[in-house]
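Written out below as structure tokens is the structure these notes cover.
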Amino acid sequence: MKKLLTFLFGICATVSVYGATVVATINGTPVTDTDITARTQLMTRQGKTSTDNRRIALQNIIDDHVKLEYAANFGVKPTDKDANSELENMKMTDLSESELAIARQAIRADIAWQVIVARTIVPMVDISDKDIQEETVAIAREHGLPIEMTLVRLVDIPQDVANKLTKPNTCDDAIKMAQDLGGAPQKFTALQYELSTDMRNRVADLPLLTWSKRVDNSVLLICDTKKTDEYGKLDDIIKQNTIYKQAMFLAEQQLKQLRRKATVVIHDDRYKL
């Protein structure tokens with residue numbers, strides 16, 4: 001009798017586990033149509049809708065498995081408690097049991113992957129200060145962020161005199177050069193956005209200590225520039241964003257390699273790529 005009960009219990013357990021259709025296996029772990037339905041429902045709650053949601057859901061589940069297995073190699077193993085805390089923050093605690101299981105797995109995978117990216121990929125990102133400065137200047141120019149500029153302006157200057165202006169070593173050299181040629185240089189300091197639109201456009205790409213072209217019988221020269229506090233913060237923000245973008249690109253390349261190494265068997269032709 002005892003053996004019979006054990007046999008019957010085994011049959012019931014098998015039916016319970018395999019009652020849903022197995023759509024795919026990932027490194028031997030089954031993924032059922034119920035799992036995919038739960039993931040599509042989660043995606044819908046997150047505002048991610050597509051005519052191909054079920055296929056996308058399976059790809060997401062594959063990525064979850066791959067991320068968690070890879071992170072485990074580094075001892076990174078987020079718990080369901082971690083996932084539940086995040087679900088509370090997302091106000092998604094009213095999910096069904098099947099949705100909760102898939103949601104927890106997805107969140108644990110995201111947490112694990114973020115840790116892996118921070119530990120192994122971000123330290124590899126190399127962003128030059130020159131790239132950051134160039135992007136900062138471009139954004140500052142576009143949005144009119146304050147840059148303090150010290151300039152020299154020569155007005156009512158004939159073209160033949162303008163042709164004699166050469167590159168000075170200092171701002172004082174520029175002033176003396178202009179005076180020696182009979183000019184009356186004006187030196188002033190202003191925030192970039194305080195300049196007229198015409199003057200701002202003329203100095204936008206003008207290198208330091210370089211005379212501008214003669215326009216309206218006048219030439220300009222930038223002696224010095226100084227970043228304000230607001231401008232300085234922009235450097236940090238751009239650097240962080242640039243590092244993040246580069247890290248995400250490298251992380252996606254890493255994930256692609258991990259996908260290729262995973263043993264994924266898709267049993268339902270509707271989900272095959």
Side-chain angles (χ1 to χ4, degrees), residues 114 117-118 120-256:
Q114 288 172 19
V117 170
T120 67
I121 296 179
V122 170
M124 295 170 53
V125 176
D126 183 20
I127 304 297
S128 72
D129 290 338
K130 181 180 178 181
D131 291 338
I132 298 301
Q133 290 170 2
E134 288 178 353
E135 188 168 354
T136 302
V137 170
I139 292 176
R141 186 182 302 150
E142 180 181 353
H143 297 282
L145 293 179
I147 306 171
E148 188 176 275
M149 308 184 78
T150 300
L151 301 104
V152 171
R153 176 171 55 187
L154 274 173
V155 296
D156 298 327
I157 178 173
Q159 183 63 58
D160 62 330
V161 175
N163 292 339
K164 297 177 182 179
L165 293 172
T166 58
K167 184 178 177 66
N169 293 319
T170 66
C171 192
D172 290 339
D173 287 346
I175 292 174
K176 185 176 184 307
M177 183 187 303
Q179 290 172 337
D180 289 346
L181 291 171
Q186 305 167 348
K187 180 181 178 181
F188 62 97
T189 298
L191 293 174
Q192 187 178 21
Y193 68 81
E194 294 175 337
L195 302 174
S196 66
T197 302
D198 173 64
M199 188 176 294
R200 190 161 59 242
N201 290 337
R202 289 176 65 186
V203 301
D205 297 308
L206 188 65
L208 290 178
L209 297 172
T210 302
W211 295 103
S212 70
K213 292 181 179 180
R214 178 173 170 270
V215 177
D216 295 331
N217 298 325
S218 69
V219 293
L220 295 165
L221 176 139
I222 304 174
C223 294
D224 190 24
T225 61
K226 178 183 177 182
K227 297 178 181 179
T228 63
D229 290 341
E230 183 178 356
Y231 194 106
K233 291 176 183 176
L234 180 61
D235 266 349
D236 293 334
I237 293 171
I238 289 174
K239 185 172 184 178
Q240 291 172 6
N241 287 343
T242 304
I243 289 175
Y244 173 79
K245 289 177 183 177
Q246 183 65 17
M248 289 302 100
F249 172 78
L250 294 175
E252 182 58 32
Q253 301 308 304
Q254 176 72 51
L255 185 57
K256 286 180 179 178

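- Note that CG of L250 is 12.5 Å distant from CG of L255, once rounded to the nearest 0.5 Å.
- The shortest distance between side-chain heavy atoms of V152 and F188 does not fall below 4.5 Å.
- For the salt bridge (Lys or Arg N to Asp or Glu O under 4.0 Å) condition, the pairs that include at least one residue of residues 167-181, sequence neighbours left out, are K176-D180.
- Annotation: side chain of Q246 is not in contact with side chain of M124 (no heavy-atom distance under 4.5 Å).
- Among residues at least two apart or in separate chains, disulfide bond (SG atoms under 2.5 Å apart) pairs with a member in residues 162-194 are C171-C223.
- For the atom pair CE (M248) and CD (Q253), the distance works out to 12.5 Å, reported to the nearest 0.5 Å.
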List the steps, then state whether side chain to side chain contact (heavy atoms under 4.5 Å, CB included) holds for D198 with R202. CA-CA 6 Å; D198 173 64; R202 289 176 65 186; 3.8 Å; yes

Could you check I222 against T150 for side chain to side chain contact (heavy atoms under 4.5 Å, CB included), going step by step and ending with a plain yes or no? CA-CA 6 Å; I222 304 174; T150 300; over 6 Å; no

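- Between R153 and P185 the shortest side-chain heavy-atom distance does not fall below 4.5 Å.
- Closest non-hydrogen pair, A247 versus V117, comes out as CB-CG1, 4.2 Å.
- For the residue pair D160 and K164, the shortest heavy atom distance occurs at O-CG, 3.4 Å.
- Legend: salt bridge (Lys or Arg N to Asp or Glu O under 4.0 Å) pairs involving residues 239-255, not counting sequence neighbours, sorted by first then second residue: E252-R259.
- Checking L220, V203, D224 one by one against M149, the side chain to side chain contact (heavy atoms under 4.5 Å, CB included) holds for a single residue, V203.
- Counting only distance, with no hydrogens or angles, the side chain of T210 and the backbone of L208 share a donor-acceptor pair below 3.5 Å.
- A side chain to side chain contact (heavy atoms under 4.5 Å, CB included) with L221 is found for one member of L151, L209, L206, L154 and no other, namely L209.
- Atom CG of D216 has 12 or fewer heavy atoms from other residues, nucleotides or ligands within 6.0 Å.
- In this structure, K187 NZ and I175 CD1 are separated by 5.0 Å, a value rounded to the nearest 0.5 Å.
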Could you check M177 against W211 for side chain to side chain contact (heavy atoms under 4.5 Å, CB included), going step by step and ending with a plain yes or no? CA-CA 12 Å; M177 183 187 303; W211 295 103; 3.9 Å; yes

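- A donor-acceptor distance shorter than 3.5 angstrom exists from the side chain of S218 to the backbone of V215, with no hydrogens or angles considered.
- Side-chain atoms of R200 and T197, non-hydrogen and from C-beta on, do get closer than 4.5 Å to each other.
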